[in-house]
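Here the structure is laid out as structure tokens; the discussion comes afterwards.
Just so we're on the same page: letters track the sequence lines, and every chain starts at 1. All values reported here derive from a predicted model rather than from experimental measurement.
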There are 2 protein chains.
Amino acid sequence: MRHRLKDVAERAGVSVKTVSNVVNGYVHVRPDTRARVEEAIAELNYRPNLSARNLRKGRTGVIALAVPELDIPYFAELARHVVTAAAALGWTVLIDQTGGVREQERVVASGITDHLIDGLIFSPLALTADDLTNLDGTPMVLLGERVDHGPADHVVIDNVAAAREITTHLVGLGRRRIAAIGSQRTPEGASARLRLDGYRSALEEAGLGYDETLVAPAPAWHRADGAAAMRALLTSGVRPDAVFCFNDTLALGALRALHEAGLRVPDDVAVAGFDGIEDGRFSVPTLTTIAPDKERIARLAVELLANRIDGDRTAPARELSAPYRLEPRESTKGR
Amino acid sequence: MRHRLKDVAERAGVSVKTVSNVVNGYVHVRPDTRARVEEAIAELNYRPNLSARNLRKGRTGVIALAVPELDIPYFAELARHVVTAAAALGWTVLIDQTGGVREQERVVASGITDHLIDGLIFSPLALTADDLTNLDGTPMVLLGERVDHGPADHVVIDNVAAAREITTHLVGLGRRRIAAIGSQRTPEGASARLRLDGYRSALEEAGLGYDETLVAPAPAWHRADGAAAMRALLTSGVRPDAVFCFNDTLALGALRALHEAGLRVPDDVAVAGFDGIEDGRFSVPTLTTIAPDKERIARLAVELLANRIDGDRTAPARELSAPYRLEPRESTKGR
DNA sequence: AACGTTGACTACAACGTTGTAGAAACCAGG
DNA sequence: CCTGGTTTCTACAACGTTGTAGTCAACGTT
């Protein structure tokens with residue numbers, strides 16, 4: 001049985017608005033009236049109807065987080081932090097999976113703005129700036145790569161610098177034939193491009209030169225893709241002594257493929273990943289990685305969104321940068 | 001700029017209700033009228049206000065999925081399937097993380113029923129039957145262990161039989177000192193208790209007897225807990241030749257601890273898990289596991305919920321069982 | 001020609017809430 | 001005892017949508 005303000009009001013012998021005032025903590029209510037109302041609320045187990053409240057207020061208190069896939073650990077971990085950060089501001093988070101498919105991402109970016117959410121935190125893979133025009137002004141914050149200087153707020157990490165740093169780390173171990181796994185030619189591959197840039201610039205800085213045969217593409221960034229790419233590298237005969245994988249799941253797949261090929265990590269081949277997921281602390285061997293500060297990313301994103309929702313919607317888009325840390329582990333121990 | 005039915009109606013020169021009829025696909029609208037309205041909708045980029053629609057209809061089209069933690073891969077994978085199954089029925093899924101904390105789970109079970117969701121799919125860890133009484137009749141489906149025959153619909157797998165089957169598998173490999181990791185004494189440990197029962201009954205069936213020193217508790221079921229429990233077993237000197245971990249993340253932690261102790265898997269110690277998560281296909285060694293049919297679980301849960309929402313809310317609670325499969329992999333290869 | 005049926009549309013009320021405006025009671029200061 | 005301000009409360013309208021009831025014209029049947 002569902003009750004409304006009206007039922008509570010009748011039971012407490014006051015007007016509907018007075019009950020509303022009590023519910024909303026309005027100060028000018030006599031203590032005994034407040035007590036009577038609260039008693040009635042408790043007796044009826046009254047809960048406000050959020051649809052009605054939302055309609056009236058024009059706010060829903062719900063923000064959406066759109067990620068490619070929840071069972072990619074990086075996004076699951078990120079989601080947890082976003083939910084936590086949003087809860088601190090009294091928001092509920094609706095998590096949306098786009099599959100990284102452009103069409104679905106466009107639906108999320110434009111269609112989901114059905115007054116069901118106040119704002120959107122969006123980690124796009126396939127989206128381009130064009131897709132972001134039709135937004136009805138629903139506040140949005142993008143995570144990850146810049147989409148051609150789109151009109152939205154942005155939280156990024158410096159992918160190029162991070163990729164350069166971890167590649168340099170491999171160089172510092174004395175590795176000379178450093179492969180890369182995860183390149184992508186599609187427009188979806190914005191992260192891939194930046195990380196490849198960083199990899200390349202580190203190699204050139206070290207005087208090692210860039211060898212295209214050492215770069216293996218990966219259609220998606222799952223474990224299976226990493227394993228397949230690693231196998232391809234091995235059978236091609238290029239004999240790398242290190243591999244930089246553009247994310248950790250790729251790296252876990254690569255570890256697996258190296259194990260199957262009878263190669264030892266890090267003795268024969270050093271392996272490094274990117275994302276700092278929890279799995280990497282427990283894999284055999286543990287995985288060297290770039291760990292972005294996910295908590296900070298989440299908090300910055302939520303704060304940017306809050307500013308948009310409550311503040312000036314026409315202010316110029318801001319871009320904030322979150323820190324990362326290189327975490328050396330067993331997979332790149334010196335020999 | 002947001003537009004309403006009224007704006008569209010004025011532009012198309014019809015009544016508000018006619019626009020509503022077009023939007024909702026009502027058949028008795030003249031083709032030319034429909035065309036005019038649709039043109040106006042497109043020009044104004046009109047989107048219905050879901051809060052208003054929900055208020056009017058008493059439905060929101062949103063269901064919630066409450067799980068302990070999204071970055072436990074099992075729940076992330078489950079979430080994906082639930083989202084997919086729900087989308088097939090036109091529902092949006094709001095994912096809620098309870099942290100497995102009883103208080104938070106109670107909030108979800110009772111409080112979230114704020115008319116924002118039409119129903120709830122709930123995978124509780126800590127909840128008891130008492131907590132489920134105060135529900136206002138919001139439809140709910142429980143996943144996993146039965147909560148003392150609570151009043152809600154339920155999708156389960158046969159934990160006892162599954163645990164017995166995988167333990168018997170270990171016995172069949174000739175293992176005689178089979179340890180277990182993941183026992184819990186708290187009321188939260190319903191799954192733990194059932195899996196322990198299955199383990200125990202398999203041992204007795206095989207005439208091996210139950211040795212309490214071979215059972216290691218784990219406060220939570222994360223990788224770190226599995227690693228710690230494994231280390232505890234090893235230092236206690238009980239020398240197991242196999243371990244059944246009550247979930248896969250525990251098992252991955254155990255693999256890690258065994259590796260650090262210089263023991264080989266499966267040669268020295270065979271390891272089995274439970275949940276069938278993707279990681280287990282790529283770990284070194286790959287992980288033998290019980291893989292519940294998550295897609296089926298998700299579909300059954302969504303269907304049960306749909307029946308509650310659209311059908312008889314007072315019908316007696318139903319309990320459906322989903323199948324599972326034993327998936328033998330490297331971690332229990334015969335020696 | 002009168003009749004019922006159907007199609008195409010509209011006016012109105014209602015969903016449950018909260019903002020606005022204002023009434024009534026109370027208080028302090030002159 | 002009046003004035004002006006505050007406290008406490010209420011009536012009403014509005015948020016944007018859809019269900020209900022109804023109007024009116026066109027049509028086919030007798």
Side-chain angles (χ1 to χ4, degrees), chain A residues 1-41 44-62 90 113-118 136-138, chain B residues 1-38 40-41 44-62 90 113-118 136-138 309:
Chain A
M1 182 57 178
R2 286 278 158 86
H3 297 281
R4 304 155 297 163
L5 282 180
K6 189 157 166 259
D7 304 314
V8 178
E10 279 166 12
R11 189 169 190 110
V14 296
S15 79
V16 168
K17 189 63 214 289
T18 297
V19 181
S20 170
N21 285 339
V22 169
V23 169
N24 290 283
Y26 181 64
V27 284
H28 296 306
V29 179
R30 277 213 323 270
D32 60 322
T33 310
R34 182 184 300 276
R36 262 201 344 276
V37 170
E38 276 168 352
E39 195 181 348
I41 288 176
L44 296 179
N45 189 30
Y46 166 77
R47 313 232 141 233
N49 180 318
L50 292 187
S51 286
R53 179 179 283 174
N54 296 343
L55 172 59
R56 182 59 235 223
K57 292 203 165 186
R59 288 282 176 81
T60 67
V62 177
T113 65
D114 293 341
H115 311 250
L116 204 147
I117 59 170
D118 294 339
D136 287 2
T138 301
Chain B
M1 182 58 176
R2 286 278 156 84
H3 296 282
R4 304 155 298 162
L5 283 180
K6 189 158 166 260
D7 303 317
V8 178
E10 278 165 12
R11 189 169 190 109
V14 296
S15 80
V16 167
K17 189 62 214 289
T18 298
V19 180
S20 170
N21 286 339
V22 170
V23 170
N24 290 284
Y26 181 64
V27 284
H28 294 309
V29 178
R30 278 214 322 271
D32 60 322
T33 309
R34 181 183 301 277
R36 257 196 353 272
V37 170
E38 277 167 352
I41 287 175
L44 296 178
N45 190 29
Y46 167 77
R47 313 233 139 234
N49 180 319
L50 292 187
S51 287
R53 178 180 286 175
N54 296 343
L55 172 60
R56 180 61 234 223
K57 292 203 165 186
R59 288 283 175 79
T60 66
V62 177
T113 65
D114 293 342
H115 310 251
L116 202 148
I117 59 169
D118 294 338
D136 288 2
T138 301
I309 292 174

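In this structure, B/V14 reaches the sugar-phosphate backbone alone: every heavy-atom distance under 4.0 Å involves primed, P, OP1 or OP2 atoms, never a base.
Interatomic distance, CG of B/L44 versus CZ of B/R4, reported as 11.0 Å (0.5 Å rounding). The distance from the CD1 atom of A/I117 to the CZ atom of A/R59 is 13.0 Å, given to the nearest 0.5 Å. B/L5 contributes atom CG, which lies 11.5 Å from atom CD of B/E10 (distance to the nearest 0.5 angstrom). Here B/R34 contributes atom CZ and B/I41 contributes atom CD1; the two are 10.0 Å apart, rounded to the nearest 0.5 Å.
For the OP1/OP2 pair of D/dT10 and a distance below 4.0 Å, the side-chain nitrogens and oxygens of A/T18 include at least one atom meeting the criterion.
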Item to check | Steps toward side-chain contact (heavy atoms from CB on, under 4.5 Å) verdict (B/L55, A/R56) | outcome: CA-CA 10 Å; B/L55 172 60; A/R56 182 59 235 223; over 6 Å; no
Next on the checklist: Run B/L50 and B/R53 through side-chain contact (heavy atoms from CB on, under 4.5 Å) and show every step you take.
Outcome noted: CA-CA 5 Å; B/L50 292 187; B/R53 178 180 286 175; 4.1 Å; yes
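Atoms NZ (B/K17) and P (D/dA21) sit 12 Å apart, rounded to a whole Å.
Scanning all heavy atoms of the two residues, the minimum distance from A/N49 to A/Y46 falls at N-OH, 4.4 Å. Heavy atoms only, all atoms of each residue included: A/R36 and A/A12 are closest at NE-O, 3.1 Å. Here the shortest heavy-atom pairing between B/G61 and B/D118 reads N-OD2, 2.7 Å.
Using a 4.0 Å cutoff to heavy atoms of chain B, the contacted part of DNA chain C runs 5' to 3' from C/dG7 to C/dG16.
Summary of helix geometry: the two end axes of the helix from C/dA1-D/dT30 to C/dG30-D/dC1, each defined by five base pairs via their C1' atoms, are inclined to each other by 50° (rounded to 10°).
Remark on DNA chain C: of its neighbouring residues A/R53 and B/A52, the 5'-side contact belongs to B/A52, judged by nearest-heavy-atom nucleotide.
DNA chain D is contacted by A/H28, A/V29, A/R30, A/T33 of residues 24-38 of chain A, taking any non-hydrogen atom closer than 4.0 Å.
Paired with A/E38 under the rule side chain to side chain contact (heavy atoms under 4.5 Å, CB included), one option of A/V22, A/V23, A/T33 passes, and it is A/V22.
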